[in-house]
Amino acid sequence: MSHYHLPHNHGQDIDKVLDKMPAEENFRDIALLFQQLSDPSRLRLLWLLCHSEECVCNLAAAVQMSAPAISHHLKNLKSSGLITSRREGKEVYYTLSNTGPAKLLHKTVDALFEISCPTD
């Protein structure tokens, strides 16, 4: 007998699937990662940071945006755990995080653009 109390029985064994379904907060976390890809400017920055380590000034010049706009996008990417930063003197450098989700998004973005990673 199902402990999910589904309104209809279609003869499928959905209980086994539901038993393995991740917790609701896991879906929220993953949705937040995908939100990072919903902005074209942020996606361009993420793509660049997948393949290089750069400072705000160089990123701004590369994508022809203001440094404050770049900083805003970097803050979002960093708070989601997709990128990391390191300070060298007065300069801060950003790059892709060395995490499973970040690496997976790197591969996904490259595959979506149907290209291979230029650093491989």
Side-chain angles (χ1 to χ4, degrees):
M1 187 87 201
S2 172
H3 59 278
Y4 292 100
H5 308 292
L6 299 177
H8 299 111
N9 180 351
H10 298 288
Q12 299 174 6
D13 199 4
I14 193 155
D15 286 339
K16 287 182 182 178
V17 174
L18 290 171
D19 285 339
K20 295 189 184 299
M21 186 164 62
E24 187 175 337
E25 61 267 10
N26 296 112
F27 285 101
R28 276 195 295 272
D29 292 344
I30 299 300
L32 288 173
L33 287 177
F34 281 113
Q35 280 180 342
Q36 298 308 311
L37 303 179
S38 68
D39 182 282
S41 297
R42 208 163 31 243
L43 183 57
R44 285 193 320 168
L45 290 172
L46 182 65
W47 187 89
L48 284 169
L49 296 174
C50 283
H51 303 104
S52 65
E53 179 183 61
E54 280 301 336
C55 66
V56 171
C57 292
N58 283 353
L59 290 168
V63 297
Q64 299 176 332
M65 291 176 66
S66 69
I70 295 296
S71 293
H72 171 75
H73 289 301
L74 292 174
K75 180 182 173 188
N76 286 332
L77 290 167
K78 190 170 181 183
S79 70
S80 70
L82 292 175
I83 64 169
T84 60
S85 63
R86 69 174 180 88
R87 181 174 292 279
E88 189 173 302
K90 293 182 180 182
E91 203 72 62
V92 178
Y93 295 90
Y94 296 87
T95 192
L96 187 72
S97 293
N98 190 21
T99 64
K103 290 176 183 179
L104 180 60
L105 283 180
H106 174 191
K107 291 187 182 303
T108 302
V109 168
D110 278 353
L112 289 171
F113 284 116
E114 297 179 343
I115 62 169
S116 60
C117 177
T119 58
D120 283 346

Does [X] reach the side chain of [Y], with side-chain heavy atoms less than 4.5 Å apart?
X	Y	value
D110	H51	yes
L46	L96	yes
L49	L59	yes

Please check if Y93 and I83 belong to a single hydrophobic cluster, counting links between Ile, Leu, Val, Met, Phe, Trp and Tyr side chain heavy atoms closer than 4.5 Å.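 Hydrophobic grouping puts Y93 apart from I83.
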For residues L32 and L77: do they belong to one hydrophobic cluster (side chain heavy atoms under 4.5 Å, members Ile, Leu, Val, Met, Phe, Trp, Tyr)?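 The answer is no; the residues belong to distinct hydrophobic clusters.
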Could you pull out all donor-acceptor pairs under 3.5 Å where a side-chain atom in residues 62-75 meets a protein atom, sequence neighbours excluded?
residue: S66; atom: OG; partner: A69; partner atom: N; Å: 3.2
residue: S71; atom: OG; partner: A67; partner atom: O; Å: 3.1
residue: H73; atom: ND1; partner: R42; partner atom: NH1; Å: 3.4

Identify the two heavy atoms, one from T84 and one from S97, that lie closest to each other, and give their separation to 0.1 Å.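 Reported closest heavy-atom pair: CG2-OG, 3.2 Å.
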So does E24 have more than 12 non-hydrogen atoms from other groups sitting under 6.0 Å from CD?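 12 or below, so no.
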More than 12 non-hydrogen atoms from neighbouring residues, nucleotides or ligands closer than 6.0 Å to CG on N26, yes or no?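 Yes, CG of N26 has more than 12 neighbouring heavy atoms, counting only those of other groups under 6.0 Å.
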About how many Å separate [atom2] of [Y] and [atom1] of [X], when rounded to the nearest 0.5 Å?
X	Y	atom1	atom2	result
L48	Y94	CG	OH	14.5 Å
L104	T99	CG	OG1	9.5 Å
D19	M21	CG	CE	9.5 Å
L112	W47	CG	CH2	13.5 Å

If we ignore hydrogens and angles and just use 3.5 Å, is the side chain of S79 paired with the main-chain N or O of N76 as donor and acceptor?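 Flag set: sc S79 to bb N76 pair under 3.5 Å.
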For the pair S85 (side chain) and V92 (backbone), establish whether a donor and an acceptor sit closer than 3.5 Å, ignoring hydrogens and angles.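 The answer is no, because no donor-acceptor pair under 3.5 Å joins these two groups.
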